[in-house]
Amino acid sequence: MDETEFWEIVDSTREAAEGDPEDHAELLVERLVRLDPDSVLDFARHFEARYNRAYTWDLWAAAAVLLGEAGEDAFDGFRCWLIGRGREVFEGAVHDAESLAELLEDFDPAVDGDGEELGYAADEAYEQLTGVDAPDLGLAPQPPGPEGTPLDVDDDTALAERLPRLWDRFGG
């Protein structure tokens, strides 16, 4: 599976779910079980590689602005949700977290920002197809800490200074 097919699967299942993260995860599993197990593992590798790329202080700050707070678990779910938003939003945000101020039409923390279940979709599909847990994907582990310049994600002043456009649109 190449990157284009990965994003096509993410986009088509998100569109069918009309943006609902829970429905998106269910539809993603349904789509993945129509593939062979090796393709599901390829999808999982693409997902995990992007999940690790999104482990940055700026994106953690963006999660805190959008969600109103962002502990480690919330940030993990946010990274999955960000992948689920598709290539344009994901790549834009990884390149510049501030771009989320323009890339997101709206954001409702009651519905948006938590795509944890998307992170399990490939594992679930692989288990349904094979009856066993997915093997190790052979990827480098996530770095021990987020990339970039650290900040206190509980400090509204620091968040507003780091991501002023995002803060003006969605913060506080």
Side-chain angles (χ1 to χ4, degrees), residues 1-17 19-64 66-67 69-97 99-100 103 109 111-151 153:
M1 173 179 300
D2 65 15
E3 184 175 12
T4 300
E5 186 177 359
F6 168 81
W7 285 117
E8 187 281 325
I9 291 170
V10 169
D11 289 342
S12 65
T13 53
R14 181 190 66 256
E15 289 164 8
D20 181 280
E22 289 180 20
D23 291 346
H24 188 182
E26 290 174 15
L27 291 170
L28 186 54
V29 171
E30 289 174 15
R31 174 75 181 270
L32 292 174
V33 297
R34 297 193 310 238
L35 303 173
D36 62 88
D38 287 337
S39 295
V40 173
L41 292 177
D42 285 344
F43 180 93
R45 285 184 195 94
H46 280 287
F47 194 98
E48 188 74 17
R50 280 149 191 82
Y51 179 80
N52 290 342
R53 268 185 65 210
Y55 194 46
T56 70
W57 280 109
D58 283 352
L59 285 175
W60 200 333
L66 291 165
L67 297 170
E69 64 83 27
E72 286 185 46
D73 290 342
F75 182 47
D76 291 347
F78 179 82
R79 290 186 288 156
C80 292
W81 175 84
L82 192 60
I83 295 165
R85 298 307 306 155
R87 185 181 219 162
E88 179 183 356
V89 172
F90 176 81
E91 293 294 343
V94 168
H95 177 71
D96 176 13
S99 70
L100 288 171
L103 291 169
V111 178
D112 298 317
D114 182 5
E116 179 182 7
E117 295 302 316
L118 293 173
Y120 300 120
D123 291 337
E124 187 175 326
Y126 187 86
E127 188 173 338
Q128 285 183 29
L129 286 168
T130 66
V132 298
D133 291 342
D136 181 78
L137 298 174
L139 298 175
Q142 175 176 278
E147 296 291 320
T149 306
L151 85 155
V153 296

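Here, residue 1 is the first one in the sequence, and each next residue gets the next number. Reckoned from all heavy atoms, side chains included, excluding hydrogens, waters and symmetry mates.
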Sequence neighbours excluded, every pair satisfying salt bridge (charged side-chain N to carboxylate O under 4.0 Å, His left out) that has a member inside residues 21-46: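 Checked against salt bridge (charged side-chain N to carboxylate O under 4.0 Å, His left out) - neighbours excluded - the pairs reaching residues 21-46 are Glu8-Arg31, Asp42-Arg45.
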Going by heavy atoms in the side chains, are [X] and [Y] under 4.5 Å from each other?
X: Thr56; Y: Val94; result: no
X: Asp112; Y: Leu66; result: no
X: Tyr51; Y: Asp76; result: yes
X: Phe47; Y: Leu118; result: yes
X: Leu59; Y: Phe75; result: yes
X: Phe43; Y: Leu35; result: no

Backbone of Ala70 reached by a side-chain donor or acceptor of Trp60 within 3.5 Å: yes
Backbone N/O of Gly115 and side chain of His24: donor-acceptor pair under 3.5 Å: no
Enclosure of Asp2 CG (heavy-atom neighbours >12, cutoff 6.0 Å):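 More than 12 heavy atoms, drawn from other residues, nucleotides or ligands, come within 6.0 Å of this atom.
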For [X] versus [Y], what's the shortest heavy-atom pair and its separation?
X: Ala125; Y: Leu32; answer: CB-CB, 3.5 Å
X: Tyr126; Y: Val132; answer: CD2-O, 3.6 Å
X: Trp57; Y: Leu151; answer: CZ3-O, 3.4 Å
X: Ala122; Y: Ala44; answer: CB-CB, 3.6 Å
X: Ala97; Y: Ala62; answer: CB-CB, 4.3 Å

NE2 on His95 to CG on Asp58, rounded to 0.5 Å: 11.5 Å
From Leu27 atom CG to Ile9 atom CD1, the distance as rounded to the nearest 0.5 Å: 13.0 Å
Residue pairs involving residues 114-123 (criterion side chain to side chain donor-acceptor pair (under 3.5 Å); sequence neighbours excluded):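 Sorted pair list: Glu116-Tyr120.
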Matching residue for Arg53 among Glu48, Glu91, Glu147 - test: salt bridge (Lys or Arg N to Asp or Glu O under 4.0 Å):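 Going through Glu48, Glu91, Glu147 one by one, the salt bridge (Lys or Arg N to Asp or Glu O under 4.0 Å) with Arg53 is satisfied by Glu91 alone.
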All salt bridge (charged side-chain N to carboxylate O under 4.0 Å, His left out) counterparts of Glu15, not counting sequence neighbours: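 Salt bridge (charged side-chain N to carboxylate O under 4.0 Å, His left out) list for Glu15, sorted by chain: empty.
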Set of residues satisfying salt bridge (charged side-chain N to carboxylate O under 4.0 Å, His left out) with respect to Asp96, sequence neighbours excluded: none
Gln142: partners by side chain to side chain donor-acceptor pair (under 3.5 Å), with sequence neighbours left out: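 Scan of Gln142 (side chain to side chain donor-acceptor pair (under 3.5 Å), adjacent residues dropped) gives Arg79.
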Side-chain donor-acceptor pairs of residues 82-90 under 3.5 Å, sequence neighbours excluded:
residue : atom : partner : partner atom : Å
Arg87   : NH2  : Glu3    : OE1          : 3.2
Arg87   : NH2  : Glu3    : OE2          : 3.2

